[in-house]
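Heads up: numbering here begins at 1 and tracks the sequence.
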Amino acid sequence: LRALNQQCSFKKIQQKKAAVNNNSEKDREERLALVLWRRPIVTLHYFLLETFITLKKWTLKLWQRRGTVFLILVLCSLFSLAYSTEGAHQKYVQYLEKRFLWCAYWVGLGILSSVGLGTGLHTFLLYLGPHIASVTLAAYECGSTDFPEPPYPDQIICPDGGVEGSISLWSIVSKVRLEACMWGAGTAIGELPPYFMARAARLSGADPDDEDYEEFEEMLEQAQTAQDFVTRAKLGVQNMVQKVGFFGILACASIPNPLFDLAGITCGHFLVPFWTFFGATLIGKAIVKMHIQKLFVIITFSKHIVEQMVSLIGSLPRVGPSIQKPFSEYLEAQRSKLHHHTGAGTPATENWLAWVFEKVVLVMVCYFIFSIINSMAQSYAKRRQQSRQQRYTEEKTK
């Protein structure tokens with residue numbers, strides 16, 4: 001009889017687990033269906049409510065740290081006073097403002113690129129990569145890197161006295177080092193939310209409001225039976241980070257790695273110290289990985305490589321010459337702009353390649369904004385589902 005009772009209890013537990021899993025799967029499917037192009041009014045309504053909840057939460061956190069907030073406001077007031085007061089210090093103030101805004105711009109783009117567990121705006125392809133490419137083309141065309149210091153004007157102008165063939169790879173690397181390292185530091189900062197989320201969930205034992213963390217826990221449970229390549233690759237990253245520590249995180253952060261979000265979740269889950277995780281991530285992304293990507297772009301857009309690519313495009317059968325022409329016209333237009341000083345009557349012709357790139361950037365930015373709205377609306381929907389489940393549990397226990 002005792003064995004039969006135990007067997008019945010086990011079956012009931014298994015049935016309850018199956019029912020909970022089915023309900024969770026239904027709730028997840030319901031949340032994923034909440035997107036702008038399917039249910040626009042409900043999605044926008046939930047997005048606004050989630051925004052209000054988030055603002056309220058952050059306001060309470062700022063109030064709890066009102067001493068720090070007051071100190072920051074005092075420092076901002078002093079800087080504002082120094083900024084608006086005439087005097088010999090103005091040149092230093094303007095220099096600091098120029099550098100701060102330039103660094104903040106690239107740090108912000110780096111954060112956008114990595115925040116959101118891989119759904120962020122790919123700002124390297126849209127902003128930093130084209131910027132490095134334009135500086136590389138300009139350096140080879142001008143024979144010098146003596147353009148104005150960052151931030152560059154709207155148009156790079158060749159300085160007088162440039163000598164063709166005097167440009168080295170390392171001079172271009174030095175020219176774009178500041179913006180590249182700031183972008184890399186921004187990507188490191190953008191990796192912190194998964195770390196803090198997983199760490200808080202492990203310390204509190206609560207169910208985090210994140211489906212990537214739930215997938216991570218499922219992966220740990222199925223670690224022994226994993227067969228597909230993607231799961232084994234994720235487990236490899238997790239094992240490297242867990243066993244090697246600082247140097248494992250550094251290795252994962254130093255190469256283009258789409259699975260690095262998993263490293264942040266792993267470090268948070270196994271309570272890796274903050275400075276171990278962030279220090280290795282900062283060194284890997286802002287120094288090692290950034291120089292690899294930077295060298296790749298500079299070498300790809302060096303003068304002889306670009307000329308070979310254009311000639312290779314022209315050698316394609318049938319469509320080669322028709323595709324080669326707009327590329328050649330675009331490169332020639334960019335070269336001519338580099339030698340036209342302000343007010344010298346630069347021709348205002350627009351190439352269709354530039355037009356297409358602008359529209360691609362616009363589409364990517366719009367998609368990123370839509371993904372933020374959808375994600376926040378789905379977060380609010382999960383709040384409603386959890387509240388409903390809690391009320392149901394309370395009513396059942398009464």
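- When the shell of 6.0 Å around NE2 of H45 is examined, it contains 12 or fewer heavy atoms from other residues, nucleotides or ligands.
- Residue L55 places its CG atom among more than 12 non-hydrogen atoms of other residues, nucleotides or ligands, all under 6.0 Å distant.
- Within a 6.0 Å sphere centred on CZ of F79, heavy atoms belonging to other residues, nucleotides or ligands number more than 12.
- Under the 6.0 Å cut-off for aromatic ring centres, F274 and F196 qualify, their centroids lying closer than that.
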message: Pair R99, Y95 - check side chain to side chain contact (heavy atoms under 4.5 Å, CB included), show working.
response: CA-CA 6 Å; R99 286 288 179 178; Y95 175 81; 3.4 Å; yes

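- We find the CG-CD1 distance between L282 and I249 to be 12.5 Å, quoted to the nearest 0.5 Å.
- A donor-acceptor contact shorter than 3.5 Å is absent between the side chain of S80 and the backbone of C76.
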- request: Please assess W37 against N374 for the test side chain to side chain contact (heavy atoms under 4.5 Å, CB included), listing each intermediate value before the final yes or no.
  value: CA-CA 10 Å; W37 43 90; N374 293 336; 3.4 Å; yes

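- The two residues L250 and G284 have their closest heavy-atom pair at CD1-N, 3.6 Å.
- With hydrogens and angles disregarded, no donor-acceptor distance shorter than 3.5 Å links the side chain of R388 to the backbone of Q385.
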message: Walk me through whether W102 and M182 qualify under side chain to side chain contact (heavy atoms under 4.5 Å, CB included).
response: CA-CA 9 Å; W102 183 246; M182 289 298 103; over 6 Å; no

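- Between the T281 side chain and the F277 main chain, a donor and an acceptor come within less than 3.5 Å of each other.
- Residue F278 comes nearest to L192 through the heavy atom pair CD1-CD2, 3.6 Å, listed as atom of the first residue, atom of the second, then distance.
- Ring-centre distance between H131 and W183: not below the 6.0 Å cut-off.
- A distance-only check finds no donor-acceptor pair linking the side chain of T85 to the backbone of A82 [under 3.5 Å].
- Rounding to the nearest 0.5 Å places CG of L48 at 9.0 Å from CD1 of I373.
- Judged by distance alone, with hydrogens and angles left aside, the side-chain atoms of S113 form no donor-acceptor pair with the main-chain N or O of L109 at under 3.5 Å.
- Remark: the backbone N or O of V272 is paired with a side-chain donor or acceptor of Y195 at under 3.5 angstrom.
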Side chain to side chain contact (heavy atoms under 4.5 Å, CB included) between E97 and Y83, intermediate numbers included: CA-CA 9 Å; E97 179 193 18; Y83 185 80; 3.2 Å; yes

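- Side-chain atoms of T276 never come within 3.5 Å of backbone atoms of F246 as a donor-acceptor pair (strictly under, hydrogens ignored).
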